[in-house]
**Student:** 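One structure follows; several queries about it will come next.
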Amino acid sequence: MTLDAGALVSEIAEAISELGEEIDLRSFLLPYPDAAQRALDRMVLHCIDLGLEPPKGLPELIEWCRHRSVGDRAFDIPPALILSEATLVHPEGLLPTRTCLELASAGTGGGMEGEARKLLAELADRCGSEERFHRSRQFLALNPVVRGGERFGRRPAKGTWSREVWSQVRDLYRPLPRFLAIEGTLLLCATCRLPALLGGRRVPDRRTAVSGPKTWCEREICPYGLPMDLIRPTDGVLLLAKPLRIFLSLPLPLEQAALAELNRAAVGHHPLPGELGTYRLQGDGLAVHRLYIHDRVQPVLLSHRFVSAEGPVAVVVPEELARSARYRTAFFQALPDPDQVLLTGPVDLVARLRDARTVGGDVLNETENERRGRCAI
C-alpha cells in the first residue's frame, strides 16, 4: 500500500493542517487559501463522480472532516492506510487531529514534521556548537508554553533558563492564538502539558476543567479525569511553534522514558543530526543499532518510514500502542520485510534489543502474547 493511494484525503489533510496552524477552523472569509480551494474543488469533483452530494463550501467540508471518519466513502482512502475511525478535525477541539498532521507530514511537502526539522536545522546553524544546540533543543522540548514571568525572571521555567538560550530560541515562540484563549484563560493538559480546550469552547473554571471525552488536548489520547491547569491572565504567554510542539515537545516523555531505560542498562546512544527521535546505539550484545522514538497514532504511516530499512531497526512507541494487537498488526502488515523492524514500548526496550529473536513482527507478537497473556485493542 503506497501513500499515493490516499492522494485526495492527503491533499485535504495538508490544507486543513495549514489552516489550523494560524486560524480558527470555525470561521473563514472568502477567498479561501489556495491549498484549501484546490482540496475543496477535488472533493466536489470526486463526490460528483460517485453520485454523492458534494460539500457546498469549505465550512461544510470542515464539518465533514469533523463528523465523518476517513473511512467514509467520500474520502476515497484505502482501509489499510489509516485506522478507519479517525477524523481529520477533532470533534471537540475543532482543530486538525494528529491523524491529519501525520497524514499531511507523509506527503511530498513534509508537512509540519518537515517544518519541525527545518526549524531545528536552522537552530543548529545559529547555535554553532553541538553543546549549545543540545541545550537549546532541550529547552524547546521542555517548554512548549512560556509565560511572561518566566522570560523576565519572576518565576523559573523548566529546563535551563538563561539569556543565552533564550536569545537562540525566542524566535521559535509565537503569540497565543485567540482561539486557544477562552475569555482570557489558557488550559494546559496535566499529562502532556500542551494546550487543551473544553468541548464547544466552553469557558473553563476550576470545577469543569477536567480531562474527559468532551475535551481536547494536542496529544488527544491522554488519560481522563485529571484536572487541567488554568493560566490566566494570558498576557505575555507565548507558544512554541506548532510543528515543534507536536513533533518535539509531544514525544518528549516517551523519548525520556526510552533513554532512561538505555542509561540504566549502560547502552550508549547518540542522536543523529537533522533527525527527530533517531539514535545510534552502541554496546555489546545488541541485535539492533539504530533506534527511532515516535509517538504516532497512525501505525501504517509510521511503518512507511521503514520500508527501505537497511539492517534491523528498533521503533519505540507509547506502551499502550506497543501492546495493541490492532496497532501492531497494521504496522507490520505494511512492511515488505517485517523481520527487519522491532516495535516495542520503553519498558522492554533493552531486553528486546539484546535478543535477536525478538527482531521481526511475527516472532515479536508471539513473544508478547506468551508473556502478557493478552494484547490491548
**Student:** Taking the side chain as every heavy atom from C-beta outward, state whether Leu302 and Tyr327 have any atom pair closer than 4.5 Å.
**Tutor:** yes
**Student:** Is a side-chain donor or acceptor of Glu218 paired with a backbone partner of Leu250 at a separation under 3.5 angstrom?
**Tutor:** no
**Student:** Whether the side chain of Ser303 engages the backbone of Val300 through a donor-acceptor N/O pair (distance < 3.5 Å, no angle test) should be reported.
**Tutor:** yes
**Student:** Checking salt bridge (Lys or Arg N to Asp or Glu O under 4.0 Å) for the pair Arg132/Glu164: CA distance, chi angles, key distance, verdict?
**Tutor:** CA-CA 9 Å; Arg132 191 178 296 120; Glu164 180 189 14; 2.8 Å; yes
**Student:** Which atoms form the tightest heavy-atom contact between Ala86 and Thr99, and what is the distance?
**Tutor:** CB-OG1, 3.6 Å
**Student:** Ignoring hydrogens and angles, tell me if any N or O in the side chain of Arg202 forms a donor-acceptor pair with the backbone of Gly199 under 3.5 Å.
**Tutor:** yes
**Student:** Is there a path of hydrophobic side-chain contacts, each under 4.5 Å between heavy atoms, that joins Val297 and Ile246?
**Tutor:** no
**Student:** What closest approach, in Å, do Arg290 and Thr278 show between heavy atoms, and which atom pair accounts for it?
**Tutor:** CD-CG2, 4.1 Å
**Student:** When you compare the side chain of Arg296 with that of Val317, does any pair of heavy atoms fall below 4.5 Å?
**Tutor:** no
**Student:** Find the distance between OG1 (Thr185) and CG (Asp205) and round it off to the nearest 0.5 Å.
**Tutor:** 9.5 Å
**Student:** Starting at CD of Glu115, measure out to CD of Glu18 and round the result to the nearest 0.5 Å.
**Tutor:** 10.5 Å
**Student:** Determine whether a donor-acceptor pair (N or O, by modelled atom type, separation under 3.5 Å) exists between the side chain of His46 and the backbone of Ala74.
**Tutor:** yes
**Student:** Apply side chain to side chain contact (heavy atoms under 4.5 Å, CB included) to the pair Asn263 and His269, showing each step before the final yes or no.
**Tutor:** CA-CA 9 Å; Asn263 290 334; His269 51 86; 2.7 Å; yes
**Student:** Does the pair Thr329 and Arg326 meet the rule for a side chain to side chain contact (heavy atoms under 4.5 Å, CB included), with working shown?
**Tutor:** CA-CA 5 Å; Thr329 298; Arg326 186 184 184 206; 6.0 Å; no
**Student:** Does Gln298 use its side chain to pair, donor to acceptor, with the backbone of Leu83 at less than 3.5 Å?
**Tutor:** yes
**Student:** Mind checking the CG-OG spacing from Leu335 to Ser308? Nearest 0.5 Å is all I need.
**Tutor:** 10.5 Å
**Student:** Please evaluate residues Met112 and Phe247 with respect to the criterion side chain to side chain contact (heavy atoms under 4.5 Å, CB included), reporting the C-alpha separation (whole Å), side-chain torsions for both, the decisive distance (0.1 Å), and the verdict.
**Tutor:** CA-CA 8 Å; Met112 282 198 180; Phe247 292 102; 3.7 Å; yes
**Student:** Would you find a donor on one side and an acceptor on the other, under 3.5 Å apart, between the side chain of Thr97 and the backbone of Thr87?
**Tutor:** yes
**Student:** Can you name the nearest heavy-atom pair linking Leu140 to Ser249, along with the distance?
**Tutor:** O-OG, 3.1 Å
**Student:** By the definition side chain to side chain contact (heavy atoms under 4.5 Å, CB included), identify the one residue from Val70, Ile62, Leu101 that meets it with Leu88.
**Tutor:** Val70
**Student:** Ile48, Leu58: one ILVMFWY side-chain cluster at the under-4.5 Å cut-off?
**Tutor:** yes
**Student:** Would you confirm whether Thr234, through its side chain, and Ala181, through its main-chain N or O, come within 3.5 Å as a donor-acceptor pair?
**Tutor:** no
**Student:** Please name the pair of heavy atoms, one in Pro195 and one in Leu186, separated by the smallest distance, quoted to 0.1 Å.
**Tutor:** CB-CD1, 4.4 Å
**Student:** For the residue pair Tyr173 and Asn143, what are the closest heavy atoms and their distance?
**Tutor:** OH-O, 2.6 Å
**Student:** Do the side chains of His134 and Arg137 get nearer than 4.5 Å, heavy atoms only?
**Tutor:** no
**Student:** Using a 3.5 Å distance criterion without hydrogens, assess whether the side chain of Arg98 forms a donor-acceptor pair with backbone atoms of Arg219.
**Tutor:** yes
**Student:** Find out whether Leu301 and Leu81 are in side-chain contact, i.e. whether some heavy atom of one side chain is under 4.5 Å from a heavy atom of the other.
**Tutor:** yes
**Student:** Same cluster or not: Leu342 versus Val267, using hydrophobic residues (I, L, V, M, F, W, Y) connected whenever any side-chain heavy atoms lie under 4.5 Å apart?
**Tutor:** yes
**Student:** At their closest point, which heavy atom of Pro33 faces which heavy atom of Leu19, and how far apart are they?
**Tutor:** CG-CD2, 3.5 Å
**Student:** Determine, using the 4.5 Å side-chain heavy-atom cutoff (strictly less than), whether Ile16 and Val44 are members of one ILVMFWY cluster.
**Tutor:** yes
**Student:** Pairing donors with acceptors under 3.5 angstrom, does anything connect the side chains of Asp72 and Ser69?
**Tutor:** no
**Student:** Is the shortest heavy-atom distance from the side chain of Leu239 to the side chain of Pro177 under 4.5 Å?
**Tutor:** yes
**Student:** Just how far is it from atom OG1 of Thr208 to atom CG of Leu198, taken to the nearest 0.5 Å?
**Tutor:** 5.0 Å
**Student:** Check this for me: Gln37, atom CD, are more than 12 non-hydrogen atoms of other residues, nucleotides or ligands nearer than 6.0 Å?
**Tutor:** yes
**Student:** Is the backbone of Leu226 close enough, under 3.5 Å, to the side chain of Ser211 for a donor and an acceptor to pair up by distance?
**Tutor:** yes
